[in-house]
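To start, the structure under review is shown below, and the notes come after it.
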Amino acid sequence: MQIQSDNKPYDDINVTPMLDLAYVLLIIFIVMTTATVQGMKVNLPKASAAPSLAQQTTKAITVSNDGKIFLDTIPVTLPELEQRLVQMKALTPEFPVVLRGDSQTQYQNVMDVLDLLGRLSITQVGLATKPLVK
């Protein structure tokens, strides 16, 4: 008669010590990041609720599908746009411009405005688009 021994190899991996280590590291990480973010306690000053008196510097130029040009919401012609941009550039040499064009706008109208911005050395120009929805 043979006696069966329990000396067969242990083939299951014990993940408990690995998970314990991961939890300890996670707790240490959380404690260290919250300790560094808080900083010193100071009595912060209160800001007024009054609106800012600073003028908005970004100008929006819109070209509609029928070729009309708007500076912010004011309809202008191309020479008037040039005159107003020259005046603004004299007050604020560096101001951003956002060019908005209707999707049905003729490409030449948009290029005329971009050419004008290039001649006036306005380098901060953005083109507004709608985000692509999938």
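Scope of the values below: all heavy atoms of this structure, side chains included, with no hydrogens, waters or symmetry mates.
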Going by atom type alone, with no hydrogens or angles, which donor-acceptor pairs under 3.5 Å involve a side-chain atom of residues 74-81 and a protein atom two or more places apart or on another chain?
from, atom 1, to, atom 2, distance (Å)
T77, OG1, E80, N, 3.4
E80, OE1, T77, N, 3.1

CA sep, side-chain torsions, deciding dist, call: T62, T73, side-chain contact (heavy atoms from CB on, under 4.5 Å): CA-CA 8 Å; T62 306; T73 57; over 6 Å; no
Between CG on residue L19 and CG on residue N14, distance to nearest 0.5 Å: 9.5 Å
Same apolar cluster: L127 and V97, side chain cutoff 4.5 Å: yes
Contacts of V24 that satisfy side chain to side chain contact (heavy atoms under 4.5 Å, CB included) - sequence neighbours left out: I28
Those residues that, when tested against A128, pass side chain to side chain contact (heavy atoms under 4.5 Å, CB included) (two or more places apart): V98, R100
Selection residues 88-98 - residue pairs positive for salt bridge (charged side-chain N to carboxylate O under 4.0 Å, His left out), sequence neighbours left out: none
Any pair counted as salt bridge (charged side-chain N to carboxylate O under 4.0 Å, His left out), so long as it reaches residues 69-79, sequence neighbours left out: K59-D72
Show me the donor-acceptor pairs within less than 3.5 Å that the side chains of residues 106-121 make with the rest of the protein, sequence neighbours left out.
from, atom 1, to, atom 2, distance (Å)
Q108, NE2, D112, OD1, 2.8

Note, F70 side chain near V63 side chain (heavy atom, < 4.5 Å): no
Heavy-atom check, side chain of M18 versus side chain of V15, under 4.5 Å: yes
Partner residues of D20 under the side-chain hydrogen bond (donor to acceptor under 3.5 Å, both in side chains) criterion, sequence neighbours left out: none
Nonpolar side-chain network containing L25, other nodes, edges under 4.5 Å: L21
